[in-house]
Amino acid sequence: QVRLVESGGGLVQAGGSLRLSCAASGRTFSNYGMGWFRQAPGKEREFVAAIDRSGGSTYYADSVKGRFTISRDNAKNTAYLQMNILKPDDTAVYYCAAEQLGLGYRPQAAYDYWGQGTQVTVSS
């Protein structure tokens, strides 16, 4: 079992930045690929970014490419999502998730563990 706890969400003006953190506990964090997903009101949850177990490969949705950066610190059992140049369309609940193949970029259904989410609100 892996427990994931997100933090770092909040209210920010358009153009601003936030850094989300996802703290993991339980099994060996460095074995898992990590992903960030988001769900806006009235919309389905969508992929944002993913990273493989070593941190050597990263993947991004087109909508956030060049603005968001996913990273991880295996020594601290934590994954991060640095979000810059935020837009009102980025408003959503952001979830981190872990998948045990360690690949990172996989379909949502393949992720084994999910956090509770953290709210990000971007005002115009």
Side-chain angles (χ1 to χ4, degrees):
Q1 189 78 4
V2 174
R3 181 169 179 256
L4 302 173
V5 180
E6 302 96 336
S7 62
L11 173 64
V12 64
Q13 288 188 330
S17 299
L18 283 174
R19 188 175 83 153
L20 305 184
S21 298
C22 174
S25 60
R27 297 193 176 182
T28 306
F29 176 72
S30 60
N31 287 343
Y32 290 82
M34 298 298 297
W36 285 95
F37 297 81
R38 67 186 181 186
Q39 187 168 20
K43 295 186 178 181
E44 293 187 351
R45 188 165 58 190
E46 64 176 3
F47 168 76
V48 175
I51 189 167
D52 70 352
R53 67 169 69 88
S54 70
S57 295
T58 56
Y59 311 88
Y60 297 94
D62 288 343
S63 59
V64 306
K65 204 170 292 184
R67 300 188 298 122
F68 290 12
T69 302
I70 188 171
S71 61
R72 66 189 297 158
D73 185 338
N74 286 343
K76 295 183 178 180
N77 292 345
T78 303
Y80 304 96
L81 185 68
Q82 177 66 44
M83 306 186 295
N84 298 328
I85 318 175
L86 282 161
K87 305 175 181 179
D89 283 350
D90 295 319
T91 295
V93 177
Y94 283 71
Y95 300 89
C96 69
E99 58 84 17
Q100 59 187 348
L101 290 188
L103 303 175
Y105 187 58
R106 298 187 66 206
Q108 283 196 45
Y111 279 80
D112 303 286
Y113 303 102
W114 291 82
Q116 293 300 306
T118 185
Q119 176 71 46
V120 171
T121 303
V122 185
S123 63
S124 57

Checklist entry - Within the side chain of Arg45, is there an N or O that forms a donor-acceptor pair under 3.5 Å with the backbone of Val93? => result no
Next on the checklist: Can you tell me how far apart CZ (Phe68) and CD1 (Ile85) are? Round to the nearest 0.5 Å.
Outcome noted: 9.5 Å
Checklist outcome for this item: d(Gln1 CD, Asp112 CG) to nearest 0.5 Å is 10.0 Å
Taking distance alone, no hydrogens or angles, what donor-acceptor pairs closer than 3.5 Å link side-chain atoms of residues 5-13 to residues at least two apart or in another chain?
unit_1: Glu6; atom_1: OE1; unit_2: Gln116; atom_2: N; d: 3.1
unit_1: Glu6; atom_1: OE1; unit_2: Gly117; atom_2: N; d: 2.8
unit_1: Glu6; atom_1: OE2; unit_2: Cys96; atom_2: N; d: 2.9
unit_1: Glu6; atom_1: OE2; unit_2: Gly117; atom_2: N; d: 3.2

Checklist outcome for this item: Minimal heavy-atom distance between Trp36 and Ala79, with the atoms involved, is CZ2-O, 4.0 Å
Checklist entry - Can Phe47 be reached from Val64 by stepping across I, L, V, M, F, W or Y side chains whose heavy atoms are under 4.5 Å apart? => result no
Item to check | Within one Ile-Leu-Val-Met-Phe-Trp-Tyr cluster: Met34 and Leu18, side-chain cutoff 4.5 Å | outcome: yes
Item to check | Heavy-atom pair of closest approach, residues Tyr111 and Gly35 | outcome: CE2-N, 3.6 Å
Checklist entry - In the single-linkage hydrophobic clustering (I, L, V, M, F, W, Y; side-chain heavy atoms under 4.5 Å), do Tyr94 and Val2 co-cluster? => result yes
Checklist entry - Where does the angle between the aromatic ring planes of Tyr105 and Tyr59 fall among parallel (under 30°), tilted (30 to 60°) and perpendicular (over 60°)? => result parallel
Next on the checklist: Taking the side chain as everything from C-beta on, heavy atoms only, tell me whether Leu81 gets closer than 4.5 Å to Ile70.
Outcome noted: yes
Checklist entry - Got a sec, which residues hit salt bridge (Lys or Arg N to Asp or Glu O under 4.0 Å) with Lys43, two or more places apart in sequence or on another chain? => result none
Next on the checklist: Between Val122 and Met83, is there a side-chain heavy-atom distance shorter than 4.5 Å?
Outcome noted: no
Next on the checklist: Can a donor-acceptor pair be found, under 3.5 Å and without considering hydrogens, that links the side chain of Glu99 to the backbone of Gly104?
Outcome noted: yes
Checklist entry - How would you list, by chain and number, every residue that makes a salt bridge (Lys or Arg N to Asp or Glu O under 4.0 Å) with Arg67, sequence neighbours excluded? => result Asp90
Item to check | Separation of Cys22 SG from Tyr113 OH (nearest 0.5 Å) | outcome: 13.5 Å
Item to check | Closest non-hydrogen atom pair between Thr69 and Tyr60, with its separation | outcome: CA-OH, 3.3 Å
Next on the checklist: Walk me through whether Ser63 and Arg38 qualify under side chain to side chain contact (heavy atoms under 4.5 Å, CB included).
Outcome noted: CA-CA 12 Å; Ser63 59; Arg38 67 186 181 186; 3.5 Å; yes
Item to check | Smallest separation among heavy atoms of Pro88 and Ser124, with atom names | outcome: CG-CB, 3.9 Å
Checklist entry - Are the side chain of Thr78 and the backbone of Ala23 linked by a donor-acceptor contact shorter than 3.5 Å? => result no
Item to check | Check: Arg72 side chain, Phe29 main-chain N or O, donor-acceptor pair, under 3.5 Å | outcome: yes
Checklist entry - Donor-acceptor pair, Arg53 side chain versus Leu101 backbone, under 3.5 Å? => result yes
Next on the checklist: Let's go through Leu4 and Tyr95 carefully: what are the C-alpha distance in whole Å and the side-chain angles of both, what is the deciding distance for side chain to side chain contact (heavy atoms under 4.5 Å, CB included) to 0.1 Å, and is it a yes or a no?
Outcome noted: CA-CA 9 Å; Leu4 302 173; Tyr95 300 89; over 6 Å; no
Next on the checklist: If I compare all heavy atoms of Ser17 with all of Asn84, which pair ends up nearest, and what's the gap?
Outcome noted: OG-OD1, 2.9 Å
